[in-house]
Trainee: 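Pasting a structure here, questions to come.
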Amino acid sequence: MIKNMTIGQYFPADSFVHKLDPRTKLIITFILIIFVFLIHSLPGYISMVAFLALTIAFSKISFRLVLKSIRSIWFVIFITFILNIFFLKGEEILFEWQFIRIYREGLIKACEMAGRLVILVIISSMLTYTTSAKEITDAIEILFGPLKKLRFPVHEMALMMSIALRFIPTLLEETDRIMKAQTARGASFDTGGLISRIKGMLPILIPLFISAFKRAEDLALAMEARCYHGGDNRTRLVEYHYKFRDLIAFALTALEIVIILIAK
Amino acid sequence: MSIKVDNVSFTYMKKTPFQVNALKNISFEIKDGDFVGIVGHTGSGKSTLIQIISGLLKEYEGNVVIDGIDYNDKKADRTRLRRLVGVVFQYPEYQLFEETVEKDIAFGPKKLGLDEKEAEERVKVAMDLVGLDYDMYRDVSPFQLSGGQKRKVAIAGVLAMEPQILILDEPIAGLDPQGRENFLELIKSLNECGMTILMVSHNMDNLVEYAKRIIVLKDGELFMDGTPAEVFADKEKVAEASLNLPEVASFCDRLREKGFDVPDSIIRYEQLKDYIISTVGGSYDD
Amino acid sequence: MIVEANGVRFAYVSDEGKYTFALNDVDITIEQGEFVTILGHNGSGKSTFAKLVNALNVPTNGEILIDGMDTRDEDNLLDIRKTAGMVFQNPDNQLVATIVEEDIAFGPENLGIPREEIRERIDYALSVVHMEKYRKHAPHMLSGGQKQRIAIAGVLAMKPKIIVFDESTAMLDPKGRKDVLNIMRDLNRNEGITIILITHYMEEAVYSDRVYILDDGKVIKQGDPVDVFFDYDTIEKTGLTLPFEAKLIRDMEKTGVAIRHTLDTEELLEGICQLK
């Protein structure tokens with residue numbers, strides 16, 4: 001069932017957002033994440049939500065899927081909300097019961113924090129839903145390309161990231177399988193104190209590490225057999241060129257930023 | 001130890017758009033000491049079924065009763081159930097984790113609450129069964145062994161729990177021919193000693209040689225159930241379940257096309273061989 | 001000769017610190033366009049040989065020439081790997097990218113091939129393995145057999161003359177195995193690619209032009225599959241199991257029935273009919 005996790009997954013489709021240059025998406029994501037923290041007014045939030053709704057509409061990603069990504073971290077959102085609502089003090093008390101006091105300012109702040117979290121999750125989910133891991137690493141590699149001159153191993157870092165992404169589902173499945181095998185042998189993972197719990201994880205962790213090393217070894221061999229020899233003289237299947245649609249995306253983002261700054 | 005599966009259904013990702021009905025109203029009974037092959041194409045629900053019978057998947061509908069104990073019964077003796085049912089998964093060598101062969105095999109028995117001495121006895125017996133010399137291998141790290149030996153250690157680890165029912169999922173995948181044959185012979189001898197065997201396999205040729213009964217699943221439903229000869233006699237249904245015919249069965253068909261009157265009961269290689277030799281007049285005299 | 005191994009030894013240091021030969025004085029020669037199967041049980045040295053062809057290993061003694069290039073010469077490395085592609089055993093551990101087409105592009109990208117041509121090669125490779133529909137899929141959602149077909153496509157995109165299949169069918173279900181074997185035959189017949197199939201399933205060797213049997217690091221038998229398979233004594237020693245047809249003929253011969261040696265079901269049936 002871990003296989004069916006939706007956060008961080010890519011959903012291929014032929015849409016405006018999918019077809020955007022990954023560099024565009026990465027830069028816009030970065031900008032939006034910064035500007036989310038500069039919004040302090042209702043119109044600002046409304047414009048941001050509208051912007052995201054537009055993005056979702058033009059991505060052919062179902063709203064339900066987006067909601068699912070929020071649901072998978074609802075607990076974090078909930079805790080943030082609770083902490084803010086109970087611990088922020090203000091002047092106007094809305095509700096009082098024994099030692100619990102909820103202030104108007106606290107409620108507003110709590111809604112704001114929870115709302116920001118939701119927006120952040122949607123922004124980053126939209127990036128990963130519409131951009132393959134390969135595209136993201138390509139974009140990082142190109143955007144950070146200038147660092148190569150400083151002998152920073154940009155290509156290697158990007159490759160490592162993409163391989164990690166490729167193997168996450170495989171290793172999750174494997175974890176599930178090993179857990180079941182050890183459960184059948186009588187292992188239990190959720191009883192006893194901290195020490196015995198950590199000890200209880202060993203029957204999973206050790207086989208998982210061994211298998212991961214074996215996979216790494218196999219993969220290194222397979223890559224070598226396919227003529228891998230570092231980043232030199234390498235071509236790239238996908239060459240990225242900014243298109244007109246990227247300009248539109250940047251323009252809309254600029255517009256959104258202006259609105260946020262004005263509405264502030 | 002009988003197994004009773006009564007009207008079992010299982011749904012993955014319940015109440016989501018991804019909902020998959022992995023099993024639909026499955027019922028059957030397996031009697032003590034049987035050797036049952038479970039087959040079906042990928043996605044037919046066979047691995048879900050064995051996980052339920054092993055007690056590893058819980059939120060199913062219906063009842064699974066092992067030796068009179070129902071998994072769903074809140075008061076059921078879990079340790080006893082775990083003791084009764086042993087499971088060998090595909091590529092079981094991936095479950096090894098201890099420093100020595102002996103410690104790894106003793107892991108299960110100790111979890112059952114046996115003391116050092118009892119566990120050691122169990123390890124000895126289990127290693128003997130799979131054909132690993134106790135004195136030679138007990139202190140060896142399982143990770144230094146060859147693939148085939150690792151698998152033996154993993155299986156010994158399950159056998160040391162002395163299960164009465166052994167469930168195997170594609171147990172011979174990845175072994176070489178010698179390893180495969182040794183392994184199947186081991187399973188056969190365990191069965192002859194009274195152990196109930198449930199084996200999931202894609203290899204029809206092995207199943208017809210070893211299994212006494214075959215259960216075919218298709219799209220989560222019980223599709224066929226009978227002796228190997230009965231199941232593979234119904235060629236149309238077998239094809240419908242996207243299964244291959246065993247070599248022997250398809251060869252018998254070809255012989256029939258050529259005008260040979262091959263009896264339906266012929267399903268194992270030895271039977272076919274004897275039939276052909278007696279038909280063409282060979283003799284075993286020399 | 002596309003592959004020429006002369007007096008090849010490959011030594012490794014075992015856990016006890018002793019030198020052991022995984023291959024001991026092996027001569028194997030393969031012609032362009034041949035389909036050759038190398039059989040042996042686990043530990044016979046067959047996978048070691050596979051890695052020598054691709055220059056992933058270099059012989060301790062002796063030499064291997066791939067299309068005339070010596071694998072010991074570092075300068076030949078990329079050319080050898082381009083000439084002799086390799087498909088490994090575990091379908092999960094040889095795909096690099098998160099999208100099928102990008103994985104197929106990995107080899108050509110490494111070779112610095114222009115983008116337009118990589119695109120053409122991907123089209124070609126996907127059509128040969130009948131996976132055109134899966135171009136944009138994620139590898140982990142595919143079945144084992146499909147993953148192996150993508151791995152084959154990845155090798156094909158480098159336009160190799162030889163493809164080594166190092167137990168590439170061992171982890172597949174019957175359907176996946178059949179698909180991969182059919183593709184091997186197509187590659188050999190239609191694309192003219194030399195196939196070296198490393199396996200312990202004798203029945204997979206039936207379609208090959210020649211068979212080598214390795215045992216304990218040595219070639220103990222080679223030749224036409226029919227000649228090799230009906231050398232019962234040798235087969236028995238290696239712990240391999242005969243394919244159905246050969247086994248039946250052997251058992252018939254044991255009872256004094258004379259029947260023509262064949263690995264073809266139809267010919268065997270005819271043989272039995274004639275005896276009736």
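Numbers restart at 1 for each chain; the letters A, B, ... are given by sequence-line order, proteins then strands.
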Trainee: Determine, step by step, whether A:N233 and C:N110 satisfy the side-chain contact (heavy atoms from CB on, under 4.5 Å) criterion, reporting the C-alpha distance in whole Å, the side-chain angles of both residues, the deciding distance to 0.1 Å, and the verdict.
Mentor: CA-CA 7 Å; A:N233 305 322; C:N110 290 333; over 6 Å; no

Trainee: Say you draw a straight line from NE2 of A:H18 to NZ of C:K136; how long is it, rounded to the nearest 0.5 Å?
Mentor: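 The NZ atom of C:K136 is 11.0 Å from NE2 of A:H18, to the nearest 0.5 Å.
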
Trainee: Should we say atom CD of C:E74 is surrounded by more than 12 heavy atoms from elsewhere, each under 6.0 Å from it?
Mentor: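 Open: at most 12 neighbouring heavy atoms sit under 6.0 Å from CD of C:E74.
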
Trainee: Is it true that A:R226 and C:D103 make a salt bridge, defined as a side-chain N closer than 4.0 Å to a carboxylate O?
Mentor: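 Judged by the 4.0 Å cut-off on N to carboxylate O distance, A:R226 and C:D103 do form a salt bridge.
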
Trainee: Please report the shortest heavy-atom distance between C:N93 and A:A222, naming the atom on each side.
Mentor: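 So the two residues come closest at O-CB, 4.3 Å.
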
Trainee: Quick one: do A:M223 and C:F106 satisfy side-chain contact (heavy atoms from CB on, under 4.5 Å)? Show the steps, please.
Mentor: CA-CA 9 Å; A:M223 285 169 63; C:F106 184 73; 3.9 Å; yes

Trainee: Side chain, backbone, both or neither: which part of C:D92 has a non-hydrogen atom closer than 4.5 Å to chain A?
Mentor: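 Both backbone and side chain.
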
Trainee: Keeping A:T235 on the side-chain end and C:R115 on the backbone end, is there a donor-acceptor pair under 3.5 Å?
Mentor: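 No.
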
Trainee: Report which part of C:P160 has an atom under 4.5 Å of a heavy atom belonging to chain A: side chain, backbone, both, or neither.
Mentor: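 Interface part for C:P160: neither.
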
Trainee: Could you tell me the separation between the CD atom of C:E116 and the CG atom of A:L237, rounded to the nearest 0.5 Å?
Mentor: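 The CG atom of A:L237 is 9.5 Å from CD of C:E116, to the nearest 0.5 Å.
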
Trainee: Would the number of heavy atoms belonging to other residues, nucleotides or ligands and lying under 6.0 Å from CE of C:M69 be above 12?
Mentor: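 Yes.
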
Trainee: Once you round to the nearest 0.5 Å, how far does CG of C:L77 lie from NE2 of A:H229?
Mentor: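 That separation rounds to 10.0 Å.
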
Trainee: Could you please spell out the steps behind the side-chain contact (heavy atoms from CB on, under 4.5 Å) verdict for A:L221 and C:K51?
Mentor: CA-CA 9 Å; A:L221 215 55; C:K51 292 190 181 75; 3.3 Å; yes

Trainee: Indicate yes or no for a side-chain donor-acceptor contact from A:R236 to the backbone of C:E109 under 3.5 Å, with no hydrogens or angles considered.
Mentor: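 Pair absent, no side-chain N/O of A:R236 close to backbone of C:E109.
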
Trainee: Around atom OH of A:Y242, are there more than 12 heavy atoms of other residues, nucleotides or ligands at under 6.0 Å?
Mentor: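 Above 12, so yes.
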
Trainee: What option among A:I163, A:D218, A:T170 has the most heavy-atom pairs under 4.5 Å with chain C?
Mentor: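 Heavy-atom pairs under 4.5 Å are most numerous for A:D218.
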
Trainee: What option among C:L111, C:T98, C:N90, C:V87 has the most heavy-atom pairs under 4.5 Å with chain A?
Mentor: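 Highest number of pairs under 4.5 Å: C:T98.
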
Trainee: Rounded at 0.5 Å granularity, tell me how far CD in C:E102 sits from OG in A:S132.
Mentor: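 The CD atom of C:E102 sits 5.0 Å away from the OG atom of A:S132.
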
Trainee: A quick test of your reading: do over 12 heavy atoms of other residues, nucleotides or ligands sit less than 6.0 Å from CZ of A:F58?
Mentor: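 Atom CZ in A:F58 is not crowded, with 12 or fewer foreign heavy atoms closer than 6.0 Å.
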
Trainee: Side chain, backbone, both or neither: which part of C:F88 has an atom under 4.5 Å from a heavy atom of chain A?
Mentor: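 The side chain, not the backbone.
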
Trainee: Check each atom of C:I104 against the heavy atoms of chain A and say whether the ones under 4.5 Å are side chain, backbone, both or neither.
Mentor: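 Interface part for C:I104: backbone (N, CA, C, O).
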
Trainee: Please check if atom NZ in A:K19 has more than 12 non-hydrogen atoms from other residues, nucleotides or ligands closer than 6.0 Å.
Mentor: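 Yes, the 6.0 Å shell around NZ holds more than 12 heavy atoms from other groups.
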
Trainee: For the residue pair C:L95 and A:L219, what are the closest heavy atoms and their distance?
Mentor: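 So the two residues come closest at O-CD1, 3.8 Å.
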
Trainee: Report which part of C:L78 has an atom under 4.5 Å of a heavy atom belonging to chain A: side chain, backbone, both, or neither.
Mentor: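 Both the backbone and the side chain of C:L78 come within 4.5 Å of chain A.
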
Trainee: Taking all heavy atoms of A:C227 and all of C:R81, pick out the closest pair and write down the distance.
Mentor: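 In terms of heavy atoms, the two residues are closest at SG-CB, 3.6 Å.
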
Trainee: Which atoms form the tightest heavy-atom contact between C:M86 and A:A225, and what is the distance?
Mentor: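 So the minimum-distance heavy-atom pair works out to CB-CB, 4.4 Å.
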
